[in-house]
Amino acid sequence: MPMPKALYALAIATLLGPALLAADLAERETTRFNEAVTKLMQARDEAQTNAKAKSLLALTAIAKSRMKAEDTAMATEAWRAILVIDREHVDARAYFTALGTLEAVLVELDAKPTDLLGLDLAPAPKDKADKTKDTEKAP
C-alpha cells in the first residue's frame, strides 16, 4: 500500500529539520562574527585617525619651531615625517615647494616605504650567509 503524501512530507521534514537548524545557527554565528569584526575595524580606524591627528599636530609644531630656530635639517626631517603620514599636508607641501624639492621628496617617499624613523618596512632579503647557516643546520 502506498504511503500518503503527508507521511512523505513528515519523513522529509524529520530528516531535513536538523540540517536546516544547523544552517540557521551557522548563519546567525556568521552574522555575529561579521558584526564583531566590523566594530573592531571601526575602532581601529578611529584610533588610527586619532593617532595620525596627534602626530601631525606634534610634528607640525616641531617643524615650525625648528624653522624659527633656523634649524633647517631638523625642520626638513619633521616636514618629511609629516608627508609620510599625510602626502597631501598643505604646510609640508608648501615647505618643500618653496625649496623646489617637493617632487623629489615625494618620489623618494614613494620609492621605498619606511616608518617614521626611516626604517625599511620591506622584508630584508636573505643573504648568502643566512642560506649557508640554514644548510649547515640540516642533517
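Just so you know, these numbers use all the heavy atoms, side chains as well, and skip hydrogens, waters and symmetry mates. Along the sequence shown, the residues carry numbers beginning at 1.
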Which atom of Leu59 lies closest to which atom of Ala78, heavy atoms considered: O-CB, 3.9 Å
Heavy-atom closest pair, residues Ala63 and Ala75: O-CB, 3.8 Å
Met67 to Trp79 - nearest heavy-atom pair and separation: SD-NE1, 3.2 Å
Pairs satisfying side chain to side chain donor-acceptor pair (under 3.5 Å), at least one member in residues 84-94, at least two apart: Arg87-Asp110
Heavy-atom side-chain proximity of Phe96 to Thr76 below 4.5 angstrom: yes
Give the table of side-chain donor-acceptor pairs shorter than 3.5 Å for residues 20-30, with sequence neighbours excluded, one pair per line with atom names and distance.
| unit_1 | atom_1 | unit_2 | atom_2 | d |
| --- | --- | --- | --- | --- |
| Asp24 | OD2 | Arg28 | NE | 3.2 |
| Asp24 | OD2 | Arg28 | NH2 | 2.6 |
| Glu29 | OE1 | Arg32 | NE | 3.2 |
| Glu29 | OE2 | Arg32 | NE | 3.1 |
| Glu29 | OE2 | Arg32 | NH2 | 2.5 |
| Thr30 | OG1 | Ala26 | O | 2.8 |

N/O donor to acceptor pairs below 3.5 angstrom from side-chain atoms of residues 38-53, sequence neighbours left out:
| unit_1 | atom_1 | unit_2 | atom_2 | d |
| --- | --- | --- | --- | --- |
| Thr38 | OG1 | Asn34 | O | 2.8 |
| Thr49 | OG1 | Asp45 | O | 2.9 |
| Asn50 | ND2 | Glu46 | O | 3.4 |

Any side-chain heavy-atom pair of Arg80 and Glu108 under 4.5 Å: yes
hydrophobic_cluster_shared for Met74 and Ile62, side chain cutoff 4.5 Å: no
